[in-house]
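Okay, so here's the structure we're looking at.
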Amino acid sequence: MNKTELTAAVAQKAGLSKSDAAKVLGAFFETVSEELSKGQAVQIIGFGNFEVADYKARTGRNPQTGAVLEIPAGKRPKFTAGSALKKAVAG
């Protein structure tokens, strides 16, 4: 499912127009991104948690040349599924 299909599905389930559903989804994505950029987690009970994970510097290899390179430490977004989402997926 891509963003357009998600927008259409949300619009249908919520009884909204596609443009209103697109605004809601856009606001959701923007809000989650803003909070993560501030280092804050976003917790949606039952669905899951969005948070920022730190990762350490490490050594890697260029797959084409085999050359060793240093990958610097940094941060990346992380999502952990909640119990209700896990149950829904497990069937």
Side-chain angles (χ1 to χ4, degrees):
M1 176 177 275
N2 62 31
K3 188 175 179 182
T4 303
E5 294 167 336
L6 178 61
T7 300
V10 169
Q12 182 180 13
K13 287 187 183 258
L16 300 171
S17 68
K18 287 183 183 179
S19 64
D20 286 343
K23 288 177 188 175
V24 169
L25 285 173
F28 173 77
F29 296 143
E30 186 177 326
T31 302
V32 170
S33 297
E34 287 172 357
E35 290 303 308
L36 292 177
S37 71
K38 292 187 236 176
Q40 300 295 315
V42 176
Q43 181 181 22
I44 303 169
I45 303 295
F47 183 76
N49 298 326
F50 296 92
E51 56 193 333
V52 177
D54 293 320
Y55 61 96
K56 298 178 183 178
R58 60 190 169 90
T59 303
R61 289 197 178 271
N62 181 327
Q64 291 181 332
T65 65
V68 176
L69 24 118
E70 291 299 316
I71 301 169
K75 298 177 184 224
R76 62 175 62 138
K78 177 182 173 184
F79 176 76
T80 305
S83 59
L85 180 59
K86 288 178 184 177
K87 285 181 183 177
V89 171

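For the atom pair Ser17 OG and Lys23 NZ, the distance stands at 7.5 Å (nearest 0.5 Å). With rounding to the nearest 0.5 Å, the separation of CD in Glu34 from CD in Gln40 is 12.5 Å. One distance of note links CZ of Arg61 with CD1 of Ile71; it measures 11.5 Å at 0.5 Å rounding. A distance of 9.5 Å separates NZ of Lys18 from CD of Gln12, quoted to the nearest 0.5 Å. Atom-to-atom distance recorded for Asn2:CG and Thr7:OG1 is 8.5 Å, nearest 0.5 angstrom.
Take Lys56 and apply the salt bridge (charged side-chain N to carboxylate O under 4.0 Å, His left out) test, not counting sequence neighbours, and it matches no residue.
Heavy atoms only, all atoms of each residue included: Asn62 and Gln64 are closest at OD1-N, 2.8 Å.
In the hydrophobic clustering, where aliphatic and aromatic side chains (Ile, Leu, Val, Met, Phe, Trp, Tyr) are joined below 4.5 Å either directly or transitively, Val89 groups with Met1, Leu6, Val10, Leu25, Phe28, Phe29, Val32, Leu36, Val42, Ile44, Phe47, Phe50, Val52, Phe79, Leu85.
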